[in-house]
Amino acid sequence: MRLTEDQKMIQELARNFAEAELAPIAAQIDQEERIPKEIIEKMAEIGFTGLNVPEEYGGSGLDTVCKVLIIQELAKHCASTAEVISVHTLANWIFIHYGNEEQKKKYLTAAVEGKIGAFALTEPGAGSDASAAKTKAIADGDDYVINGNKCFISNMGPNEGDYVVVIALTQPELGTKGMSAIVVDRNTPGFTIGKREEKMGIRGADISELIFEDCRVPKTNLIGKEGEGFKIAMQALDHGRIGMAAQALGIADAAIEASIKYMGERVQFGKPIGKLQGLQWYLADMGTRQEAARALVMEAAQAADDGEPLSKLAAMCKYCASESGVWIVNKALQIHGGYGYMRDYPIERMYRDARIVPIYEGTSEIQKVVISREMMK
Ligand code: CAA
């Protein structure tokens, strides 16, 4: 897909930001397991926390293609930061498409200013089977009283997270048709952020458990209608999966670039290892898989912008880019040999970061369920 001049400008803005602000501290972010607050502030200043927020709420009003370009550039240098923006953009999407005017004014404006949103669907007993979620939000007068536990929730933890869209049962007897989307602010009594997970990769990003114990929120916190929560979650995930695919592309781009550089520098058997045909073939396979994945991600992004049916393409692009991303980074590590395994080279971090993408926002196996169901419709 050919980019427009505007899209190229956004890509360059993201590239310049990532090279100047993320590249120098990406290893530190990984080691210290936190993204400095200033990074979020700077991303708010250049319009990235409000990237998909309409201009009337102060946002950048960018399309999905631009979202992909931004997340890709961020992920090239810091997958943790890319993950925060991708999930935050998913939360924005819910307010943009289902929020009422008051909610849009409050949460979209906050997003633009650099407040970070989260999305809570997963529970200890409801991962791939999202329909098994048990968290309840029972009506009581003008309030909902929320009880339950969410786990593996991105963008909520000691460093990040100002509000979270929680998918909870308002009418438990109706199953997925009784689920609703309710926004909960960080400091609401009865809402506690539990254990921050110690992760293999994307270590800079907060992923935590959320505990709701008689957490009371006004009914005005309902997003959309009662009973729409599961549909909202599935549609939001269709869009979110394109963001995660972009994250995989960015990590793989960085791994390919690092491999080309290393193949030119590293001398074995009296010549740069780039002269060895076996490694040239690795590189050719890496590049070909990457460009095939990129074409599919861009196709899905364009479909999202054109308002076309998205589930199948979003699942395909996430499945393809995340699996090829892992494959590419693995080969890149192999090209780097022993050095690739050491922390002195960023390949080791890329390998750990890439590994989450075929898991979160729906495993590859779930993407294949979605794809085949859509194909058989
Ligand atoms: N858009 C709109 N509606 C949808 C939909 C979509 N993409 N997908 C399903 N629905 C609707 C269906 O039409 C159906 O409604 P009707 O009964 O009215 O027809 C209803 O939702 C139930 O759908 P299914 O019968 O297909 O539901 P299911 O139980 O078979 O599950 C699933 C479908 C695809 C497996 C789903 O459970 C799923 O996507 N699982 C993976 C969950 C996931 O991605 N979790 C990640 C959480 S976020 C995260 O990873 C952390 C992070 O923050 C990064």
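Read the numbers this way: they start at 1 and go in the same order the structure lists the ligands and their atoms. Here the structure is a predicted model, which is why all the values come from computation and not from measurement.
Distances between N or O atoms of Thr122 and those of ligand 1 include no value under 3.5 Å. The N/O atoms of Tyr360, backbone and side chain alike, include none that comes under 3.5 Å of an N/O atom in ligand 1. Note: an N/O pair closer than 3.5 Å links Lys177 and ligand 1 by distance alone. For ligand 1, one of its N or O atoms has an N or O atom of Ser128 under 3.5 Å away. Residue Ser154 has at least one nitrogen or oxygen atom sitting less than 3.5 Å from a nitrogen or oxygen atom of ligand 1, judged on distance alone. Considering backbone and side-chain N/O atoms, Ser311 comes within less than 3.5 Å of an N/O atom of ligand 1.
If you number the atoms of ligand 1 from 1 as listed, the ones under 4.0 Å from a heavy atom of Leu237 come out as 43 (C), 44 (O). Shown in contact with Lys231 at under 4.0 Å from a heavy atom are these atoms of ligand 1, numbered in order with element: 2 (C), 3 (N). The atoms of ligand 1 that sit less than 4.0 Å from any heavy atom of Ser131 are 29 (O). Taking a cut-off of under 4.0 Å to the non-hydrogen atoms of Ala130, the atoms of ligand 1 that pass are 37 (O). The distance from ligand 1 to the heavy atoms of Arg373 drops below 4.0 Å at these ligand atoms: 24 (P), 26 (O), 30 (O), 33 (C).
Look at Lys106 and Asp185 and you find a salt bridge, because one of the NZ, NE, NH1 or NH2 atoms lies within 4.0 Å of a carboxylate O, short of that distance. Taking the charged nitrogens against the carboxylate oxygens, Arg294 and Glu291 do have a contact shorter than 4.0 Å, which makes a salt bridge. The pair Glu365-Lys368 does not meet the salt-bridge criterion, since no charged nitrogen lies less than 4.0 angstrom from a carboxylate oxygen. By the 4.0 Å N-to-carboxylate-O rule, Glu361 lies too far from Arg241 to be salt-bridged with it. At a threshold of 4.0 Å, the pair Lys8-Glu5 counts as salt-bridged, since one of the basic side-chain nitrogens sits closer than that to a carboxylate oxygen. Remark: Arg203 engages Glu33 in a salt bridge, criterion side-chain N to carboxylate O under 4.0 Å.
Neither the backbone nor the side chain of Leu90 has a heavy atom within less than 4.0 Å of ligand 1. Looking at Ala118 against ligand 1, nothing comes within 4.0 Å, counting heavy atoms. Residue contacts with ligand 1 for Arg241 involve side-chain atoms from C-beta outward but no N, CA, C or O (heavy atoms, distance under 4.0 Å). Counting heavy atoms closer than 4.0 Å to ligand 1, residue Val370 contributes side-chain atoms (C-beta onward) but none from N, CA, C or O.
A side-chain donor from one of Glu83 and Ser154 sits under 3.5 Å from a side-chain acceptor of the other.
Between Lys199 and Arg196 the shortest side-chain heavy-atom distance falls below 4.5 Å.
For atom 4 (C) of ligand 1, the nearest protein heavy atom lies under 4.0 Å away. Note that atom 33 (C) of ligand 1 has protein non-hydrogen atoms nearby, at separations under 4.0 angstrom. At a distance under 4.0 Å, no protein heavy atom can be found next to atom 19 (O) of ligand 1. Closer than 4.0 Å to atom 12 (C) of ligand 1 lies none of the heavy atoms of the protein.
Residue-ligand proximity: Asp238 is placed with a non-hydrogen atom under 4.0 Å from ligand 1. Ligand 1 lies nowhere less than 4.0 angstrom from a heavy atom belonging to Ser86.
Of all the listed residues (Glu361, Gln367, Gln235, Lys150), Glu361 holds the heavy atom that lies closest to atom 46 (C) of ligand 1. Looking at His239, Glu83, Met234, it is Met234 that brings a heavy atom closest to atom 36 (C) of ligand 1.
Within a 6.0 Å radius of CE in Met9, other residues, nucleotides and ligands contribute 12 heavy atoms or fewer. The local environment of NZ in Lys115 is sparse, with at most 12 non-hydrogen atoms from other residues, nucleotides or ligands closer than 6.0 Å. Counting heavy-atom neighbours within 6.0 Å of Glu12 CD, excluding the residue itself, gives a total of 12 or less.
Remark: minimum distance from atom 42 (C) of ligand 1 to any protein heavy atom is reached at Gly127 O, 3.8 Å. Looking from atom 21 (O) of ligand 1 to the surrounding protein, the closest heavy atom is Phe230 CD2, 3.3 Å.
Of the possible polar contacts, one joining the Lys67 side chain to the His239 backbone as a donor-acceptor pair under 3.5 Å is found. Proximity of a side-chain donor or acceptor of Ser208 to a complementary backbone N or O of Ile153 within less than 3.5 Å is not detected. For the pair Gln247 (side chain) and Ala75 (backbone), a donor-acceptor distance under 3.5 Å is absent.
Only one option out of Leu222, Ile146, Asp143 pairs with Val217 in a side chain to side chain contact (heavy atoms under 4.5 Å, CB included); it is Ile146.
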